[in-house]
Amino acid sequence: MSHLSEGARKSLLRRGFALEYATLAWNVVGIVVLAVAAIDARSVALAGFGLDSLIEIGASLVVVWELSGTGEDRQRIALRLIGVGFAALAVYLLVQSTVVITKGFHPQHSPLGIAWTAITAGAMFALAAGKARTGAALGNPVLATEGRVTLIDGLLSTAVLLGLLLNALAGWWWADPLAGYVLVLYALREVKEILFTHTADP
């Protein structure tokens, strides 16, 4: 913004890049951890959350491109691709969660999944707060918007964690696919936001 000195702006940009690179690194590790946990426990919620991490990597890359001065047309194309990814995630989770519910499939307990989703929730809330502050200071709506996506990612971590705990502690096996449905609603919300708002022609 105009009231920022060049030095302050560069400092904020460095902070924005650092926040996005931290998000990227976390989600790259998360894909591996969640894949192992999902296969071990045969958990639809953990599998869906792992796919969500892959999509979050794409969202962070979009912001890195934008902070680097990438053109608006390229940003719009990238956002459309992310929207398609969220749509695919919603379809997968809807079908998989419904199959699990109708067949009464009981996922196994997942100590690894519980630990990772608990840590991830705290990390995403902290990163979201940093992106919101930095985006507001820079006057950058892209960084601020992606910060809200990161906040929702923290909320999703909490929802998946609750489902895993209910399954482990109370034997509520249906809590796992129920958490999958929560991710379906989130994915559809993002599809609407990205495809019909952010990529709409001015």
Novice: May I ask you to test the His109-Ile114 pair for a side-chain heavy-atom distance under 4.5 Å?
Specialist: no
Novice: Sequence neighbours left out, what passes side-chain contact (heavy atoms from CB on, under 4.5 Å) with Leu12? Give chain and number order.
Specialist: Leu4, Arg15, Thr134, Ala137, Leu138
Novice: Using the side-chain contact (heavy atoms from CB on, under 4.5 Å) criterion, which residues pair with Leu51? Sequence neighbours excluded.
Specialist: Leu89, Tyr92
Novice: What verdict does the side-chain hydrogen bond (donor to acceptor under 3.5 Å, both in side chains) test give for Asn167 and Gln108, after you've listed the backbone C-alpha separation in whole Å, the side-chain angles of each residue and the deciding distance to 0.1 Å?
Specialist: CA-CA 8 Å; Asn167 180 46; Gln108 303 299 312; over 6 Å; no
Novice: What residues form a side-chain contact (heavy atoms from CB on, under 4.5 Å) with Arg14, not counting sequence neighbours?
Specialist: Lys10, Ser11
Novice: With clusters built from Ile, Leu, Val, Met, Phe, Trp and Tyr whose side-chain heavy atoms come within less than 4.5 Å, directly or transitively, what are the remaining members of the cluster of Phe125, listed by chain and number?
Specialist: Leu151, Leu155
Novice: Is there a continuous path of hydrophobic side-chain contacts, each under 4.5 Å between heavy atoms, that joins Leu54 to Val91?
Specialist: no
Novice: To the closest 0.5 Å, what do you measure between CG (Leu61) and CD (Glu66)?
Specialist: 13.5 Å
Novice: Find out whether Arg189 and Ile152 are in side-chain contact, i.e. whether some heavy atom of one side chain is under 4.5 Å from a heavy atom of the other.
Specialist: yes
Novice: For residues Val182 and Ala159, report the shortest heavy-atom separation together with the two atoms involved.
Specialist: CG1-CB, 4.1 Å
Novice: Do you reckon Tyr186 sits in the same ILVMFWY cluster as Phe196, going by side-chain contacts under 4.5 Å, direct or chained?
Specialist: yes
Novice: Between Thr102 and Val99 (side chain of the first, backbone of the second, donor and acceptor by atom type, cut-off under 3.5 Å), is there such a pair?
Specialist: yes
Novice: For residues Ala90 and Leu188, report the shortest heavy-atom separation together with the two atoms involved.
Specialist: CB-CD2, 3.8 Å
Novice: Could you walk me through whether Leu183 and Leu156 pass the side chain to side chain contact (heavy atoms under 4.5 Å, CB included) check?
Specialist: CA-CA 7 Å; Leu183 271 72; Leu156 286 174; 3.8 Å; yes
Novice: Once salt bridge (Lys or Arg N to Asp or Glu O under 4.0 Å) is applied, what residue pairs with a partner in residues 151-167 remain, sequence neighbours excluded?
Specialist: none
Novice: Counting N and O atoms only, with roles assigned by atom type, does the side chain of Asn27 sit under 3.5 Å from a partner on the main chain of Gly30, one being a donor and the other an acceptor?
Specialist: no
Novice: Can you pull the ring-ring contact (aromatic ring centres under 6.0 Å, His included) pairs that have at least one residue in residues 154-185, sequence neighbours excluded?
Specialist: His106-Trp173, Trp172-Trp174
Novice: Taking only distance into account, with no hydrogens and no angle test, what donor-acceptor pairs under 3.5 Å do side-chain atoms of residues 17-26 form with protein atoms, sequence neighbours excluded?
Specialist:
from  : atom 1 : to     : atom 2 : distance (Å)
Glu20 : OE1    : Ser60  : OG     : 3.1
Thr23 : OG1    : Leu19  : O      : 2.8
Thr23 : OG1    : Lys131 : NZ     : 2.9
Trp26 : NE1    : Thr120 : OG1    : 3.1

Novice: Could you pull out the closest heavy-atom pair between Thr158 and Ala121, with the gap in Å?
Specialist: OG1-CB, 3.9 Å
Novice: Which atom pair, heavy atoms only, marks the closest approach of Ala128 to Thr150?
Specialist: N-CG2, 3.9 Å
Novice: Count I, L, V, M, F, W, Y as connected when their side-chain heavy atoms are under 4.5 Å apart, and connections chain through other members. Are Val32 and Leu112 then in the same cluster?
Specialist: no
Novice: Could you note down all residue pairs passing ring-ring contact (aromatic ring centres under 6.0 Å, His included) where residues 34-58 supplies at least one of them, sequence neighbours left out?
Specialist: none
Novice: As a quick check of understanding, evaluate side chain to side chain contact (heavy atoms under 4.5 Å, CB included) for Leu164 and Val160, giving each step before the final call.
Specialist: CA-CA 6 Å; Leu164 295 173; Val160 174; 4.1 Å; yes
Novice: Side-chain polar contacts of residues 34-44 - donor-acceptor pairs under 3.5 angstrom, sequence neighbours left out - could you list them?
Specialist:
from  : atom 1 : to     : atom 2 : distance (Å)
Ser43 : OG     : Ala45  : N      : 3.4
Ser43 : OG     : Leu46  : N      : 3.1
Ser43 : OG     : Asp176 : OD1    : 2.5

Novice: Tell me, please, which residues at least two apart from Val29 pass side-chain contact (heavy atoms from CB on, under 4.5 Å).
Specialist: Val33, Trp116
